[in-house]
Structures are given as structure tokens and as C-alpha cells.
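Quick note: numbers below take in every heavy atom, side chains included, and nothing from hydrogens, waters or symmetry partners.
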Amino acid sequence: MNILIVGGTGMIGGNTALLLREQGHEVTLMSRSRPTSQALADFDFIATNYLTDDCRNGRLDGFDSLVFAAAADLRMLPQDGSVTPEQFYEQANTVAVPKFFEAAKAAGMRRAVYIGSFYPQVAPQRIAVCPYVKSRHLADEAVRAMSCDSFVTCSLNAPFVLGQLPGLEIPHLGALIQYARGEFAGLPVFAPEGGTNHMTAGSLAEAVSGALARGVGGTPYLIGDVNYSWKEYLELWFDAVGKPAELEVRAEDHPMLPNVMMFAGVGATVSYEPNPEETALLGYSRGHLGQEIAEVVAALG
């Protein structure tokens, strides 16, 4: 297949690009700026901002399939007060994502995978109260509604995803390593209440490959791997840097895992087991999170 990956220069898209090329596919990356990771330097690249650029001008022609890994999240939200979260997420996700898929369909692509968020499926009560969750829900529904015999679309609704690429800066991971090593003087050391499901970028890339090959049109696949409390998750990082700790759990805002990123609700626990039949269909492996944390620490520490 000749595959276009939107958001292909990021951690999720980049890992997916490497796997798909390894499997023999032709892969082109699309993003606002060229990749900073040397692992992606020799991929074909198309500079595009899907929020503002005209994607019906021929730049999508010639591709068989689409992987969309570029929906907006908290990292992209302007902090200058120029727009409200409701306005930003509505434009970036609810409006712009389906518009891009419509352009891909018009360009003749045959299959498409949308990398969505698990929140609408695991915390549906948040759709009505959280602008981010609402926008992801509406974008997912709109993308899947386009599915037909000539344009098969499905979504992979992923939990917290951990991964890295050589040369790609991921500030949050570096900060977690420093926090576990005790390098932030004055920051309290504890774990917040609640927890969530996690998976690695490598496992997600395998799921994308399976969805491109075997995904059923119109299906929202809830994918994931292991459930950890935030206490258990943070303690894995302390173990990985060689400073094991038994963390106290506190009902207060955490410096590394702040309340603003807890879209399921502050103190909420999101725990689930992915459907085994869907996991087998998509063909992704599990059980790699501890190893991935160790590899991240080795690479960034």
C-alpha cells in the first residue's frame, strides 16, 4: 500500500511509519514541519497544516490509505486566552478532522484509520462536560460515518501512549525522569489518586497495521494494554532510574500529572480489558510497558 500518515513526524505517527515501512509499504509523512527524529529523516514528506491548508488541491492524490494521528490535544491549546477550549477543540477536532477525511475520500483513498481517544468509550459521561472529550467523540463519529465500500474507515481509540524516537523531544518524559531522580528541588514526591490504562507506541503501531489490513468499516476499536494506578505507574519510573520508592497517594494536584490532563475526571480510575476478539483481529501485542519505560530512561536519561 501507498500510505499517508498525517502527524507522521510525532511519536505515534513516527513509530507507525517505521513499522509500516518495515512491512514493505510505501509511507509518506504529512505534518506542519519536517521530522526532527533522524529515524524519519529519509521518509517522503509533505508540509501541511490540516487546520488551514486546502487539502483538495491534489496533495492527497495517489495514496491508497490514510492514517490520521494528528488530532489536537492539550499540548496545542493556546494559552494566551485568544480562544476558549470549547472554540479551539471544536474547530481543530470536530470540524477540521472530518473535513480532512472528506478530502481523502474525494482523492480516491480506499482505507483510513483514525487514531482517536479512549475517553468517549470509557468515560462517556464526560462528553457533555469536557470540550476535549466532546470534540474527540464528534470527530470519531463523523469519520466513521463516512465509511462505505469505497472508503473503509475505522477508529483506534487509544489510552495513554508511551514511546519515543531518536532525536524527538518529548518534554514530559524527560521531566518524569528528573522527577523520579529527585532533581526538582522543592517539588513534593507523591502520587495522585486514580489511574488509567496505558499502551506503548509500538503496540499501537501494530494495531494500525492490523486496522489497515482487516479493520471493519465504521467500527470504533477500544484498544489498550495494562491498567495501573497512578501510584503504580509513577513507581515504575522510580524503579527504572534506580531509586525505588513507595509513594504516598494524595488528593491534590500533581506536578507531573496535573488535574488539567485528567479528562476522565480528577481522581478517576479508568480500568478496562480490551475485547480479545478485536485484539486478535488487529494483531497487536501487549505487556511491553515496563520495558518501554526502561528504554525511555536509557535513551533520555
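- Between F68 and Y50, the distance separating the two ring centers is shorter than 6.0 angstrom.
- Taken together through direct or relayed side-chain contacts under 4.5 Å among Ile, Leu, Val, Met, Phe, Trp and Tyr, V6 and V67 form parts of separate hydrophobic clusters.
- Side-chain contact between E169 and T36 is absent, with no heavy atoms from C-beta onward closer than 4.5 Å.
- Cluster membership for M199 and I293, using ILVMFWY side-chain heavy atoms within less than 4.5 angstrom, is shared.
- In terms of hydrophobic clustering, with Ile, Leu, Val, Met, Phe, Trp and Tyr side chains grouped at heavy-atom distances under 4.5 Å, M11 and I3 are assigned to a common cluster.
- Remark: K231 does not engage E248 in a salt bridge, criterion side-chain N to carboxylate O under 4.0 Å.
- The nearest pair of heavy atoms linking P98 to V143 is CA-CG2, 4.5 Å.
- With hydrogens and angles disregarded, no donor-acceptor distance shorter than 3.5 Å links the side chain of R111 to the backbone of S65.
- Using a 4.5 Å heavy-atom cutoff, the side chains of V297 and W237 are in contact.
- Residue D42 qualifies as enclosed at atom CG: its count of foreign heavy atoms under 6.0 Å is above 12.
- Taking 4.0 Å as the cut-off between side-chain N and carboxylate O, D225 and R286 count as a salt-bridged pair.
- Residues I115 and L281 fall within the same hydrophobic cluster, defined by Ile, Leu, Val, Met, Phe, Trp and Tyr side chains chained together at heavy-atom separations under 4.5 Å.
- Taking all atoms of both residues into account, the shortest heavy-atom contact from Q125 to A264 is NE2-O, 4.4 Å.
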Please walk me through it: do V83 and E90 pass side chain to side chain contact (heavy atoms under 4.5 Å, CB included)? CA-CA 11 Å; V83 294; E90 179 180 13; over 6 Å; no

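- More than 12 heavy atoms of other residues, nucleotides or ligands lie within 6.0 Å of CD in E252, so this atom counts as buried by the packing criterion.
- For the side-chain contact (heavy atoms from CB on, under 4.5 Å) with Y221, the qualifying choice from L282, T279, N275 is L282, the only one to do so.
- Checked against a 6.0 Å centroid threshold, the rings of Y89 and Y132 count as neighbours.
- Side-chain contact between N197 and V122 is absent, with no heavy atoms from C-beta onward closer than 4.5 Å.
- Residues V27 and A17 share a closest heavy-atom pair of CG1-CB, 3.9 Å.
- Under the rule for a ring-ring contact (aromatic ring centres under 6.0 Å, His included), H288 has no partner lying at least two apart in sequence or in another chain.
- Using modelled atom types, one finds a donor on one side chain and an acceptor on the other under 3.5 Å when comparing E206 with S285.
- Under the 4.5 Å side-chain heavy-atom criterion for ILVMFWY residues, a single connected hydrophobic cluster contains both I12 and I170.
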Take F118 and L222 through the test side chain to side chain contact (heavy atoms under 4.5 Å, CB included) and record every step on the way to the result. CA-CA 6 Å; F118 69 154; L222 176 62; 3.7 Å; yes

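- Across all their heavy atoms, S33 and T9 have their closest contact at O-CG2, 3.6 Å.
- Proximity of L204 to Y284: side-chain heavy atoms (C-beta onward) are nowhere separated by under 4.5 Å.
- Panel note: side chain T28, backbone L4; no donor-acceptor pair is recorded below 3.5 Å.
- At least one test fails for R136 against the ring of Y119: distance under 6.0 Å to the centre or angle within 45° of the axis.
- In this structure, R250 places its CZ atom where more than 12 heavy-atom neighbours from other residues, nucleotides or ligands lie under 6.0 Å away.
- For F88, there are no ring-ring contact (aromatic ring centres under 6.0 Å, His included) partners two or more places apart in sequence or in a different chain.
- Among Y233, Y179, W230, the single residue meeting the ring pair (Phe, Tyr, Trp, His ring centres under 6.0 Å) criterion with H254 is Y179.
- Scanning all heavy atoms of the two residues, the minimum distance from M146 to E102 falls at CE-CG, 3.5 Å.
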For side chain to side chain contact (heavy atoms under 4.5 Å, CB included), just list the numbers for L60 and M109, CA-CA rounded to whole Å, side-chain angles, deciding distance to a tenth of an Å, and then say yes or no. CA-CA 8 Å; L60 303 185; M109 295 195 200; 4.0 Å; yes

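- Contact between V133 and P120 at its shortest, heavy atoms only, is O-CG, 3.9 Å.
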Apply side chain to side chain contact (heavy atoms under 4.5 Å, CB included) to residues V226 and E232 and explain how you reach the verdict. CA-CA 11 Å; V226 61; E232 293 168 329; over 6 Å; no

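- More than 12 heavy atoms of other residues, nucleotides or ligands shown are found within 6.0 angstrom of NZ on K105.
- Taking 4.5 Å as the limit, every side-chain heavy atom of L168 sits out of range of all side-chain heavy atoms of L40.
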